[in-house]
Amino acid sequence: MFILDFKAGRRKAFAHGFLKGMASPAMLYHRESLPDLPKVTQIKAPSYPIGEALSGDWVRIGNDLKTVIGKHGKTK
């Protein structure tokens, strides 16, 4: 119902919009059922102290940089 066809020509797009506009008063009382949502799993962040979390992040960033430099070599 609400899907747009972006490949439609100007005339077809105009006719589609015009007809939807004419039907808009009837659409006030129209309902569509919502799709079923997948089950959402909540993830809780670990409760590390801020300093420990930041130092761990910097260690991982440094290891990533070493890996990239090792693969591509040192250039200016």
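All figures in this text were calculated on a predicted structure; none of them were measured in a lab.
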Can you list every pair that meets salt bridge (Lys or Arg N to Asp or Glu O under 4.0 Å) and has a residue in residues 61-73, with sequence neighbours left out?
none
List the atom pairs, donor and acceptor, that lie under 3.5 Å between side-chain atoms in residues 53-63 and the rest of the protein, sequence neighbours left out.
| residue | atom | partner | partner atom | Å |
| --- | --- | --- | --- | --- |
| S55 | OG | G51 | O | 3.3 |
| S55 | OG | E52 | O | 2.9 |
| D57 | OD1 | R60 | NH2 | 2.6 |
| N63 | ND2 | V59 | O | 3.3 |

Co-members of the apolar cluster containing L34 [side chain, <4.5 Å]
none
Residues clustered with Y48, ILVMFWY side-chain links under 4.5 angstrom:
none
Partner residues of L37 under the side chain to side chain contact (heavy atoms under 4.5 Å, CB included) criterion, sequence neighbours left out
none
